**Q** 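Sharing a structure below in structure tokens format, with a few things to ask.
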Amino acid sequence: MKTIVALCLSLGALAGSTALNVYQARRAPEPVEPSVVWEVIGPAESESCQPLAIRVGLTADQKKCFASCCPAYTERRAQLQKGIDALAEELEQELCAESPNAERIDEIADEIGKARAEELKSCIKNILLVRKTLTPDQLKRLAECCGRQ
């Protein structure tokens with residue numbers, strides 16, 4: 001009897017953990033538009049409504065750099081998200097199958113993890129590019145525009 005209860009509890013924990021993983025894998029990050037640098041940030045009470053590029057004080061070369069990298073970053077992120085969505089759908093189908101293949105479920109979970117890691121690395125590369133491109137004063141103004149001190 002104790003073995004059956006322990007087995008049921010273990011299977012329930014596995015099912016709950018898997019359901020949570022599927023939920024997290026299906027949640028898409030908000031899409032990033034290539035023109036985010038040019039869009040207007042909502043004005044604070046004392047500031048006028050200006051484009052972010054003007055408030056930060058981007059030079060022409062900096063604008064060119066961001067204009068060339070942002071579309072590629074957005075496209076790569078969209079591709080990764082499509083792959084993650086497809087894997088999450090496959091994982092859900094495998095979990096709902098009459099006899100789920102545990103090995104395939106593990107493989108899909110690993111693939112989702114690799115895709116998420118690649119997505120994070122892409123985001124980090126973009127952040128590092130921004131930090132490399134902007135001056136310390138511009139970085140400070142950017143942080144202030146985004147509400148961080």
Side-chain angles (χ1 to χ4, degrees), residues 9-45 47-149:
L9 289 174
S10 296
L11 290 174
L14 176 63
S17 174
T18 304
L20 182 59
N21 288 337
V22 169
Y23 171 76
Q24 289 292 339
R26 295 194 90 198
R27 283 186 47 197
E30 292 183 21
V32 177
E33 295 297 323
S35 62
V36 75
V37 172
W38 321 120
E39 291 191 12
V40 173
I41 299 291
E45 289 179 20
E47 296 176 348
S48 63
C49 191
Q50 295 179 331
L52 184 58
I54 293 171
R55 289 176 62 189
V56 172
L58 294 181
T59 65
D61 288 340
Q62 290 171 328
K63 288 178 184 178
K64 272 189 214 176
C65 178
F66 291 135
S68 66
C69 76
C70 287
Y73 168 73
T74 302
E75 179 62 33
R76 181 67 182 139
R77 187 169 176 190
Q79 288 173 350
L80 287 169
Q81 191 56 51
K82 284 181 186 176
I84 291 169
D85 290 344
L87 288 168
E89 183 68 33
E90 187 177 343
L91 179 60
E92 190 172 349
Q93 289 175 356
E94 189 63 44
L95 289 170
C96 294
E98 196 153 313
S99 56
N101 181 344
E103 288 180 22
R104 181 63 189 141
I105 290 171
D106 287 344
E107 288 173 10
I108 295 169
D110 289 340
E111 290 174 31
I112 290 172
K114 287 177 186 174
R116 290 261 185 230
E118 194 170 334
E119 183 179 41
L120 180 60
K121 288 177 184 177
S122 175
C123 182
I124 289 168
K125 286 178 187 175
N126 205 44
I127 291 169
L128 292 175
L129 175 68
V130 169
R131 291 190 64 163
K132 178 181 160 186
T133 304
L134 298 181
T135 65
D137 186 53
Q138 288 173 322
L139 283 170
K140 183 180 175 185
R141 281 184 268 163
L142 178 64
E144 289 169 359
C145 289
C146 295
R148 295 191 177 129
Q149 299 298 327

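On a predicted model such as this, the values are computed, not experimentally measured, just so you know.
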**Q** Taking salt bridge (Lys or Arg N to Asp or Glu O under 4.0 Å) as the cut-off, I'd like each qualifying pair that reaches into residues 97-106, sequence neighbours left out, listed once.
**A**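 Non-adjacent pairs meeting salt bridge (Lys or Arg N to Asp or Glu O under 4.0 Å): E90-R104, R104-E107, R104-E111.
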**Q** Roughly how far, to the nearest 0.5 Å, is the CZ atom of R77 from the CD1 atom of I84?
**A**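 That separation rounds to 9.5 Å.
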**Q** Can you tell me how far apart CG (L95) and CD1 (I108) are? Round to the nearest 0.5 Å.
**A**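 Rounded to the nearest 0.5 Å, the CG-CD1 separation comes to 7.5 Å.
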**Q** Under the side chain to side chain contact (heavy atoms under 4.5 Å, CB included) criterion, do E94 and E89 qualify, and how do the steps go?
**A** CA-CA 9 Å; E94 189 63 44; E89 183 68 33; over 6 Å; no
**Q** Check P100 against A97 and note the closest heavy-atom contact, atom names and distance.
**A**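 It is CD-O, 3.5 Å.
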**Q** Closest heavy-atom contact between L87 and I112?
**A**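 Shortest heavy-atom contact: CB-CG1, 3.6 Å.
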**Q** Calculate, to the nearest 0.5 Å, the distance between atoms CD and OG belonging to E119 and S122 respectively.
**A**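 It comes to 8.0 Å.
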**Q** Under 3.5 Å, is there a donor-acceptor pair between the side chain of Q138 and the main chain of G57?
**A**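 Between the backbone of G57 and the side chain of Q138 there is a qualifying donor-acceptor contact (under 3.5 Å).
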**Q** So, for T133 and L129, which heavy atoms are closest and what is the spacing to 0.1 Å?
**A**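 Closest pair (atom of T133, atom of L129, distance): OG1-O, 2.7 Å.
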**Q** Name all residues meeting the salt bridge (Lys or Arg N to Asp or Glu O under 4.0 Å) criterion together with D137; count only those two or more places apart in sequence or in a different chain, and write none if there are none.
**A**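 So D137 forms a salt bridge (Lys or Arg N to Asp or Glu O under 4.0 Å) with R141.
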**Q** Determine the minimum heavy-atom distance between A115 and L80, stating which atoms define it.
**A**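 It is O-CD2, 4.2 Å.
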